[in-house]
Amino acid sequence: MPRYNPAVIEPKWQRYWESNKTFRCPEMPDPNGAGKLYVLDMFPYPSGAGLHVGHPEGYTATDIYCRYWRNRGKSVLHPMGYDAFGLPAEEYAIRTNTPPRQSTEANIANFTRQLKMLGFSYDWDRCLATTDVEYFRWTQWIFLVLFDTWYDPVAQKGRAISELPIPESVTAQGPDAVAQYRDKHRLAYQDDALVNWCPGLGTVLANEEVIDGKSERGDHPVQRIPLRQWMLRITAYGDRLISDLDTLDWSPGIKKLQSDWIGRSVGAEVDFPILPADRFDAWLASKSASGPATDNASSGVDTLRVYTTRPDTLYGATYMVIAPEHPLVQKITTSDQSAAVSEYCKAASFKSDRDRTEGDKKKTGVFTGAYAINPLTRSPIPIWVADYVLINYGTGAIMAVPAHDTRDYEFATTFKLPVVIVVHPESATHEELAEIERGDVCFAGAGVAVNSGPLNGLKTDAAKAKVIEDLTRLGIGREAVNYKLRDWLFSRQRFWGEPFPILHELGADGKPNGNIRAVPLEQLPVDLPQLEDYKPHGRPEPPLAKADDSWLYVTLDGKRYRRETNTMPQWAGSCWYYLRFISPGCSTAAVDREKEAAWMPVDLYIGGAEHAVLHLLYSRFWHKVLYDRGYVSHPEPFQKLVNQGMILSYAYKDKRGALISGDSVVEDENGNATHKETNESLERIVAKMSKSLKNVIDPEGVVQEYGADALRLYEMFMGPLEATKPWSMNGVNGVRNFLDRVWRLMIDPRSDDNTLVDSIQDVPATPDQNRMIHTTIGAVSRDIEALSFNTAIARMMEFVNFFTKEATRPKSAMETLVLLLSPFAPHVAEELWQSLGHGTTLAYEPWPKYDEAMTKVSEIEVPLQVNGKVRAKVTVPAGCTEAELEQAARNHDRLVELLEGKQIVKVVVVAGRMVNFVVK
RNA sequence: GUCGCUGUGGCGAAAUGGCAGACGCAUUGGACUUAAAAUCCAAGGACCGGUGAUACGGUCGUGUGGGUUCGACCCCCACCAGCGACACCA
């Protein structure tokens, strides 16, 4: 085989690796090795479309890293699996009545085939899918751990529900009350939450299936209705999810994204009485005696509780706003306003969150007719209903301070509500102050309190502290912390997800009586039932409610139960897959304790930035619960995280803006694109790959045309791993050309088998050759460790360019090159390694040894500057001192000429780098 | 609107305080060939001066404007553009 032919050698080595189980990972790290390394890719959703070129980007990066560290003697865990639950399989099932498991398995088989085609060094024996029954058995088990855990705010950790202290008043009410008290404190609990109910389709929709308040399929109106849902108390872990970010080796950008998403804020909760003014004193007296109620529900009908981050502006609160879904809306609305209010609330229920926030954001709202009393100014202030206040943040009600909050200001301007200035900027011109005083602008910053009784003159921070102290003493407020992060809505009204291992006890009437229990651990897994078809049944209930009674009803310990019919969201399976990879066959636990302690945490996790918030947050949350309950050994799962950049592609538009397929475009040497047939000149744009832009690159086609090694190499050579970058087929051709050059460097093109070229000889390298060899070893090793693969490849290209010109090529130098190249282009490297006379894989061959002494040169060229501009260069011995270098510079003919008649003000000398004369 | 990332030759990029443009694509010239392809070798930021042509010398040059420094693609301030994420969180 004289010519480099990836179509032959790539399948050959893939078969070799597979049949020899070359990349099987040991059960435990080798105690005599260089340590353990757990490198993880974000596993893919196996879509019907197969791999796109974005997948191999991250996978190649991790593969290079793993292959490198195997050569350096580490025990490497590098697994792959599939995140296989999800909507597309279910939609396909509804359309074609194909069971989702069937289409999912076909897609997984296709993905596996495509991944193996790229030569990744996964331990395929550890492959798993979240849809495997033996896998989701343990997903269900983890859910039951959450169900069995409450968060102890004092110890700041999750503890077994059996350790939850039960107040005597609850115990006194009997076992049902105790059970309910426990249920209310579990990390997995039930609550009413709004879902997208589409009466037209007779089904509940996921958020992404709702577009502009209409269903994606069929364009029917979608209504938000409350439904009993499973929630996970992720907010309990909010503080730890923020503070533990400090311990992680993640980019500051991702950390900020996570902590902004959690959105912790400190402020105050304040109670406003809804009473006639003459009863205010009595209310205040009773509050001062009892202190503020600890929860909103028992704060009383006559009290409206708000959350504010600016309690210092309380004196400027001139009205209040409650969310349309707020429980007090009905109770406080006066009869003459009730028609307008209920119409407004109904309209709001048809708006999605997106509708409420998009558009021109013009504030809308209706007066309830009710008044509350500002507890500090004692003035009655009107209560409005408006959808700019969200029911699920804070208390669902606000005190509006239009002078110092831009949203309140807009609302007050729209509805002509009074504006009272209570903060002045610390420093402002007279005009600025006058503008604020007139109410022409809204000042939302910190400053000094005015017009606020006892707070006057205090800076914002001090005013906040004082008012919180006063409110606490009066029993009408307290400091409070809030998170933008909501508790995690964990149930989906879908078929293709993990069933909840929960049973609802049935009362005498055959209906659930409110008692729930976990499916006993020994009865896990709860598998999905067989369904006749997957079509919606028309009720706002999950599809599992269509299952046969034999699945749906269970008798246990003499009691009848109905199974929970919600399923878990796609996130569930991906929350803990990194643990299962450690002991994929373990039948007694989600993960083997001893192995978990040996392999965790994940040392390098690479994936797309689209998962920067949710997946990583949910995973970290589950991990912390497992940690608190003693099932894992480390508080964080992913030590180092890197997000690969998106791969874009060129797309072409003609003058009318129509998209032209890449096949019918020619580009000239200046990059001007024209249409092949019409010769019309086209505009080139860079965009995400998509069918509609006709710019999708199919990796399988690239492998067929150029080879997997060329694809891998190009994906890494395009630019930095984290950068967004456009795909170019010319670039693929370029790296393929490099692989051809590597091949010809060693293999005689006229031979019938892989005969080495005559210039390869078993001789020691010359000093020049050694310098190239060791410079390259050093640079490639450093670059791989820094994930700077593009520059590592450039260094190898220089190596090849150098040795192509050498008449004698030491065999040892060629072996070094093959090993350096092997993580990047493993197939061609194995083939060349064999041709160089080796009988086994190079996967565990020791990495070439770097000798810095070999890289030294005897003389270096140093630039000489005058006033910072390079004017000449001087050649000096490599080790020369600053004084010697300066002397050499002063003796340089050209410098002598340039410095003549000038006054030297300063000389900057950096040994080995440069000399700069500053002259006048 | 807020936050983040990115702006360097015809193109992908390198250099993160010290010779801007490594490496690759495309281009041009040469060798080989009857010829072409392939391959190998070489050239190349722009402009000006200089010369028969070289050599050589100079000016400008990393989105824009300012600043720090002996010296800035790199650090600081302000702005512009493109991409991405979030979006009334009180």
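All heavy atoms count here, side chains included; hydrogens, waters and symmetry mates do not. So you know, we letter chains A, B, ... as the sequences are listed, proteins then strands, and number each from 1.
Taking the salt bridge (Lys or Arg N to Asp or Glu O under 4.0 Å) definition, one finds that A/R741 meets it with nothing, sequence neighbours left out. With sequence neighbours excluded, the residues forming a side chain to side chain contact (heavy atoms under 4.5 Å, CB included) with A/E884 are A/C880, A/T881, listed by chain and number. Here A/R744 pairs with nothing under the side chain to side chain donor-acceptor pair (under 3.5 Å) rule; sequence neighbours left out. Annotation: side chain to side chain contact (heavy atoms under 4.5 Å, CB included) contacts of A/K805 (sequence neighbours excluded): none. Among residues two or more places apart in sequence or in another chain, the side chain to side chain donor-acceptor pair (under 3.5 Å) test is passed with A/E806 by A/Q769. Take A/Y409 and apply the side chain to side chain donor-acceptor pair (under 3.5 Å) test, not counting sequence neighbours, and it matches no residue. Scanning for side chain to side chain donor-acceptor pair (under 3.5 Å) contacts around A/S265 gives A/Y307, A/Y393, with sequence neighbours left out.
Taking 90° from 0 as the syn/anti boundary, the base of B/G7 is oriented anti.
Nearest-nucleotide assignment on RNA chain B puts the 5′-proximal partner with A/V613, out of A/V613 and A/G263. Taking for each of A/N730 and A/I398 the nucleotide of RNA chain B with the nearest heavy atom, the 5'-most of the two is the partner of A/N730.
Taking atom CD of residue A/E410 and atom P of nucleotide B/A87, one finds them 18 Å apart after rounding to whole Å. Counting to the nearest Å, the C1' atom of B/A15 and the CZ atom of A/R782 are 14 Å from each other. For the pair A/L898 CG and B/C70 P, the computed distance is 21 Å after rounding to whole Å. As rounded to whole Å, 13 Å separates atom P of B/A90 from atom CG of A/L485. The interatomic distance linking A/D260 (CG) with B/C5 (P) rounds to 12 Å, in whole Å. What separates CD of A/E886 from P of B/C70 is a distance of 17 Å, to the nearest Å. Protein atom NZ of A/K362 is 23 Å distant from nucleotide atom P of B/A87, rounded to whole Å. One interatomic measurement links the two molecules: CG of A/L257 to P of B/A87, which rounds to 11 Å at whole-angstrom precision.
Taking the six-membered ring where tryptophan is involved, the planes of A/W384 and A/F415 are tilted, since the angle between them lies from 30° to 60°. Taking the six-membered ring for Trp and thresholds of 30 and 60 degrees, A/H611 and A/H615 have ring planes more than 60 degrees apart, a perpendicular arrangement.
When the C1' atom is used for both B/U2 and B/C88, the distance is 12 Å, rounded to whole Å. The P atoms of B/C74 and B/G61 are separated by 13 Å, rounded to the nearest whole Å. With both ends at atom P, the span from B/A53 to B/U59 equals 24 Å, rounded to whole Å. A distance of about 26 Å separates the C1' atoms of B/A85 and B/A13, rounded to the whole Å. Atom name C1', nucleotides B/G9 and B/C86: the rounded distance is 37 Å, in whole Å. Here, B/U62 and B/A22 have their C1' atoms 15 Å apart, quoted to the whole Å. Comparing the same atom, P, in B/A38 and in B/U16 gives a spacing of 37 Å after rounding to whole Å. If you take atom P in B/G24 and the same atom in B/C40, they sit 11 Å apart, rounded to whole Å.
A/S265 comes within contact range of the sugar-phosphate backbone alone, with a heavy-atom separation under 4.0 Å but no base atom that close. Counting non-hydrogen atoms under 4.0 angstrom, A/D408 reaches nothing in the nucleic acid. Across all strands shown, A/R894 has heavy atoms under 4.0 Å from sugar-phosphate atoms exclusively, and none from any base. Backbone-only contact: A/G734 has heavy atoms under 4.0 Å from sugar-phosphate atoms and none from a base.
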Table of protein N/O atoms under 3.5 Å from nucleotides 59-62 of chain B N/O atoms:
residue : atom : partner : partner atom : Å
B/U59   : OP2  : A/R871  : NH1          : 3.4

Can you tabulate the close N/O pairs, meaning under 3.5 Å, that link protein atoms to atoms of nucleotides 17-22 of chain B?
residue : atom : partner : partner atom : Å
B/G18   : O2'  : A/R913  : NE           : 3.3
B/C19   : O2   : A/K873  : NZ           : 2.7
B/C19   : N4   : A/E861  : O            : 3.4
B/A22   : O2'  : A/E798  : OE2          : 3.2
B/A22   : N3   : A/R795  : NH2          : 3.3

Nucleotide N/O to protein N/O under 3.5 Å, stretch nucleotides 36-40 of chain B:
residue : atom : partner : partner atom : Å
B/U39   : OP1  : A/N737  : OD1          : 3.3
B/U39   : O3'  : A/R744  : NH2          : 3.3
B/C40   : OP1  : A/R741  : NH1          : 3.0
B/C40   : OP1  : A/R744  : NH2          : 3.3

When Watson-Crick pairs (N1 to N3 and N6-O4 or O6-N4) and G-U wobble pairs (N1-O2 and O6-N3) count only below 3.5 Å on both distances, what is the dot-bracket string of RNA chain B, with | for other-strand pairs?
(((((((..(((.....[....))).(((((.......))))).(((((......)))))..(((((..]....))))))))))))....
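Residue A/L641 holds its CG atom at 8.5 Å from CD1 of A/I606, rounded to the nearest 0.5 Å.
Contact annotation: A/N801 side-chain N/O to B/G24 OP1/OP2 distance is under 4.0 Å.
Remark: A/K363 qualifies as a cation-pi partner of A/Y388 under the 6.0 Å distance and 45° angle criteria applied to the six-membered ring.
Residues A/N374 and A/Y319 have side chains that never bring a donor and an acceptor to within less than 3.5 angstrom of each other. Counted by atom type alone, A/T755 and A/D748 present zero donor-acceptor pairs between their side chains at under 3.5 Å. Under the 3.5 Å distance criterion, with hydrogens and angles disregarded, a donor-acceptor pair is assigned to the side chains of A/T364 and A/Y344. Judged by distance alone, the side chains of A/Y706 and A/N737 never bring a donor and an acceptor atom under 3.5 Å apart.
Listed nucleotides B/G12, B/A13, B/G84 differ in distance to A/M646; the shortest reach to its side chain belongs to B/G84. If you check B/C86, B/A13, B/A85 against the side chain of A/W261, the one that comes closest is B/C86. The side chain of A/K256 lies closest to B/G4, out of B/C88, B/G4, B/G24.
Applying the side-chain hydrogen bond (donor to acceptor under 3.5 Å, both in side chains) definition to pairs two or more places apart or across chains, those involving residues 778-792 of chain A are A/Y68-A/E785, A/S781-A/W847, A/D783-A/T791, A/S788-A/T791.
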